[in-house]
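Note sheet for the following structure.
Position 1 is the first residue of the sequence, and the numbers go up from there. Bear in mind that the values here come from a model prediction, so they are computed numbers and not experimental data. Computed over heavy atoms, backbone and side chain alike; hydrogens, waters and symmetry mates excluded. Every number for a ligand or one of its atoms is a count from 1 in the order of the listing.
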Amino acid sequence: MSKELVNAIAEMREQEALKLAKEMVEGGSDPMAILDAAREAMDIVGRRYEEETYFLPELILAGVMLEQITDIVKPEVTRAPEVEGKGKVVMGTVEGDIHDIGKNIVTFMLDVNGFEVLDLGVDVPAEKFVEAIKDFQPQVVGLSGFLALAFDAMKGTVEAIKTAGLRDKVKIMIGGGQISDDVKKYTGADAYGQDAMAGVSLAKKWVGAE
Ligand code: B12
């Protein structure tokens with residue numbers, strides 16, 4: 001059924017995609033597997049956009065479908081038993097980038113795994129991360145980005161944190177569609193997380209909760 005879901009999203013059949021996602025949830029499918037299928041579909045949509053068979057309206061509809069599917073899946077993700085008090089994380093999509101579906105999934109997974117998360121939203125300037133570190137005092141900062149221009153924004157954010165004298169107070173993880181270990185090296189972040197669970201594992205490791 002997950003193949004059908006991938007196809008329904010990729011072919012822009014919104015109602016069918018939502019119906020399939022609901023059926024999968026009701027049938028007891030792993031919530032993360034449903035999100036993985038949705039993400040696979042996003043890659044197809046992205047490729048078609050690059051090849052110019054899809055345009056901005058399809059990109060927008062894909063985003064809307066993914067948000068709705070995330071909402072269907074969320075109640076099925078169980079809260080970790082030893083919830084509260086693992087640590088604090090500041091999350092945000094870096095300046096110039098407004099993609100937030102991936103960031104929202106990471107934020108949600110950190111939350112259900114016992115972290116207190118301050119989500120700064122999208123298009124977040126470096127200074128706003130610096131202020132949030134001073135006020136909220138997290139152990140971990142998560143930078144999300146999907147555009148190629150996010151690489152420089154991430155690097156700039158890491159540098160601003162350094163300039164403010166806060167670099168040794170926080171661990172910085174980065175993630176998002178085109179982010180890789182090479183981008184991690186370029187930006188000076190501490191780690192790259194491939195998906196939301198990787199982000200949770202990194203944060204747990206850094207606060208000593210694993
Ligand atoms: C949906 C979408 C949109 C939606 C976004 C809606 C939203 N609320 O986010 C809308 C329509 C707004 C949009 C706009 C644009 N988009 Co767009 N979009 C996409 C699309 C199809 C899917 C992105 C997505 O949500 N994926 C699913 C999520 C769940 O995956 P994810 O983000 O990777 O997140 C997971 C992991 O990466 C990780 N993760 C994410 N963040 C973090 C952070 C940390 C710390 C960690 C540890 C992990 C982590 O965990 C997540 C969950 O497991 C991609 C194509 C693709 N290949 O995916 C293009 C894509 C990203 N978009 C693209 C483009 C070009 C644009 C526009 C410039 C188009 C335009 N002409 O206006 C604008 C950009 C506006 C801007 N300034 O940001 C390009 C980027 C190309 C590039 N090299 O820069 C892509 C790759 C399409 C393509 N192939 O050309 N887009």
Side-chain angles (χ1 to χ4, degrees), residues 5-6 9-10 12 14 17 30-71 73-74 77 89-113 115 117-125 129 138-154 157-158 170-181 183-184 187 189-206:
L5 179 62
V6 174
I9 300 171
M12 300 289 130
E14 184 181 9
D30 175 5
M32 297 319 284
I34 301 175
L35 289 181
D36 279 347
R39 199 170 156 204
E40 195 184 322
M42 290 298 134
D43 287 338
I44 300 173
V45 174
R47 267 200 307 278
R48 290 184 184 169
Y49 177 78
E50 260 171 58
E51 291 161 358
E52 299 186 359
T53 46
Y54 277 177
F55 299 93
L56 202 50
E58 283 85 4
L59 222 51
I60 294 172
L61 180 55
V64 170
M65 281 192 271
L66 190 53
E67 268 175 3
Q68 287 173 291
I69 291 171
T70 308
D71 284 344
V73 165
K74 268 184 183 175
V77 180
V89 184
V90 162
M91 281 291 303
T93 300
V94 294
E95 188 162 24
D97 199 326
I98 61 161
H99 293 87
D100 68 353
I101 300 171
K103 168 189 68 66
N104 294 345
I105 297 175
V106 179
T107 301
F108 172 70
M109 289 309 292
L110 284 165
D111 177 46
V112 294
N113 279 283
F115 288 90
V117 190
L118 176 64
D119 184 350
L120 301 177
V122 297
D123 189 15
V124 181
F129 279 102
Q139 296 93 332
V140 180
V141 175
L143 308 179
S144 184
F146 224 124
L147 298 175
L149 64 79
F151 306 167
D152 280 328
M154 286 178 174
T157 304
V158 174
V170 288
K171 289 283 190 184
I172 304 175
M173 59 182 179
I174 60 174
Q178 311 188 55
I179 306 301
S180 62
D181 266 322
V183 179
K184 185 213 91 177
T187 59
D190 294 298
Y192 148 64
Q194 202 191 343
D195 55 26
M197 278 323 289
V200 171
S201 298
L202 284 167
K204 276 187 183 168
K205 187 175 84 184
W206 287 332

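- In terms of polar-atom proximity, defined here as any N/O pair under 3.5 Å, Ile98 does make such a contact with ligand 1.
- No more than 12 heavy atoms of other residues, nucleotides or ligands sit less than 6.0 Å from atom CD of Gln194.
- Protein heavy atom in closest approach to atom 58 (O) of ligand 1: Phe146 CZ, 3.2 Å.
- Within ligand 1, the atoms closer than 4.0 Å to a non-hydrogen atom of Ile105 are 29 (C), 52 (C), numbered from 1 in the order shown.
- A 4.5 Å side-chain heavy-atom check between Val45 and Met12 finds at least one atom pair inside the cut-off.
- Using a 4.0 Å threshold on non-hydrogen atoms, atom 2 (C) of ligand 1 counts as touching the protein.
- Every atom of ligand 1 is numbered from 1 in the order shown, and the set under 4.0 Å from a heavy atom of Gly63 is 1 (C).
- Closest to atom 16 (N) of ligand 1, if we only count protein heavy atoms, is His99 NE2, 3.1 Å.
- When each atom of ligand 1 is checked for a heavy atom of Ile60 under 4.0 Å away, the hits are 11 (C).
- Residue Gln194 approaches ligand 1 through these ligand atoms, each under 4.0 Å from one of its heavy atoms: 36 (C), 37 (O), 38 (C).
- For the atom pair Asp97 CG and Met154 CE, the distance stands at 7.5 Å (nearest 0.5 Å).
- In terms of protein heavy atoms, atom 20 (C) of ligand 1 is closest to Leu59 CD1, 4.4 Å.
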For this session: Could you go through the side chain to side chain contact (heavy atoms under 4.5 Å, CB included) check for Phe108 and Thr70 one step at a time?
Result: CA-CA 10 Å; Phe108 172 70; Thr70 308; over 6 Å; no
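- Here the shortest heavy-atom pairing between Ala38 and Leu66 reads CB-CD1, 3.2 Å.
- In this structure the side chain of Met42 reaches within 4.5 angstrom of the side chain of Ile9, judged on heavy atoms.
- In terms of polar-atom proximity, Arg47 is not counted as a contact of ligand 1, lacking any N or O under 3.5 Å from an N or O of the ligand.
- Of all protein heavy atoms, the one closest to atom 90 (O) of ligand 1 is Tyr49 CD2, 3.3 Å.
- Ligand 1 lies less than 4.0 angstrom from a heavy atom belonging to Gly176.
- Judged by the shortest distance from any of its heavy atoms, Glu67 lies inside the 4.0 Å radius around the atoms of ligand 1.
- A distance of 5.0 Å separates CD1 of Ile101 from CD of Glu67, quoted to the nearest 0.5 Å.
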For this session: Determine, step by step, whether Ile179 and Leu143 satisfy the side chain to side chain contact (heavy atoms under 4.5 Å, CB included) criterion, reporting the C-alpha distance in whole Å, the side-chain angles of both residues, the deciding distance to 0.1 Å, and the verdict.
Result: CA-CA 10 Å; Ile179 306 301; Leu143 308 179; over 6 Å; no
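- Ligand 1 lies out of reach of Met197, whose nearest heavy atom is not under 4.0 Å from it.
- Using a 4.5 Å cut-off on side-chain heavy atoms (C-beta onward), Lys205 and Lys171 make no contact.
- Of all the atoms in ligand 1, the ones that sit under 4.0 Å from a non-hydrogen atom of Leu143 are 43 (C), 45 (C).
- The N/O atoms of Leu147, backbone and side chain alike, include none that comes under 3.5 Å of an N/O atom in ligand 1.
- The side-chain heavy atoms of Val106 and Val89, taken from C-beta on, include no pair separated by under 4.5 Å.
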Exercise. After noting the C-alpha distance and the side-chain angles of Val140 and Phe115, does the key distance pass the side chain to side chain contact (heavy atoms under 4.5 Å, CB included) rule?
Worked result: CA-CA 10 Å; Val140 180; Phe115 288 90; 5.6 Å; no
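- Residue Glu50 has at least one N or O atom closer than 3.5 Å to an N or O atom of ligand 1.
- Under the 4.0 angstrom criterion for non-hydrogen atoms, Ala198 is not in contact with ligand 1.
- For ligand 1, the atoms closer than 4.0 angstrom to any heavy atom of Asp97 are 78 (O).
- For atom 84 (O) of ligand 1, the closest non-hydrogen atom on the protein side is Ala148 N, 2.9 Å.
- When hydrogens are left out, the protein atom nearest atom 57 (N) of ligand 1 is Asp43 OD1, 3.2 Å; that is the closest non-hydrogen contact.
- Two residues are said to be in side-chain contact when any heavy atoms from C-beta on lie closer than 4.5 Å; Asp195 and Met32 fail this criterion.
- Proximity of Leu56 to Leu59: side-chain heavy atoms (C-beta onward) are separated by under 4.5 Å at one or more points.
- Residue-ligand proximity, Val106 to ligand 1, at heavy-atom distances under 4.0 Å covers atoms 39 (N), 42 (C), 48 (C), 49 (C), 50 (O).
- Ligand-side atoms of ligand 1 in range of Gly177: 33 (O), 37 (O), range being under 4.0 angstrom from any heavy atom.
- Polar contact with ligand 1: absent for Met173 (N/O pair, distance under 3.5 Å).
- In terms of modelled atom types and a separation under 3.5 Å, the side chain of Tyr54 and the main chain of Ile44 share no donor-acceptor contact.
- Closest to atom 28 (C) of ligand 1 by heavy atom, among Ala150, Gly102, Gly96, is Gly102.
- Polar contact with ligand 1: absent for Gly199 (N/O pair, distance under 3.5 Å).
- Of the inter-residue distances, the one linking Leu118 atom CG with Thr107 atom OG1 reads 9.5 Å to the nearest 0.5 angstrom.
- The closest protein non-hydrogen atom to atom 27 (C) of ligand 1 is Leu66 CD2, 3.4 Å.
- The only option from Leu110, Asp100, Asn104, Leu120 that meets the side-chain contact (heavy atoms from CB on, under 4.5 Å) definition with Met91 turns out to be Leu110.
- Counting only non-hydrogen atoms, the option in Ala203, Ser201, Ser144 that gets closest to atom 41 (N) of ligand 1 is Ser144.
- Using a 4.0 Å threshold on non-hydrogen atoms, atom 67 (C) of ligand 1 does not count as touching the protein.
- Among protein heavy atoms, atom 86 (C) of ligand 1 sits closest to Gln178 NE2, 4.1 Å.
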For this session: Apply the test side chain to side chain contact (heavy atoms under 4.5 Å, CB included) to residues Val183 and Ile174: give CA-CA distance (whole Å), side-chain angles for both, the deciding distance (0.1 Å), then the verdict.
Result: CA-CA 9 Å; Val183 179; Ile174 60 174; 4.1 Å; yes
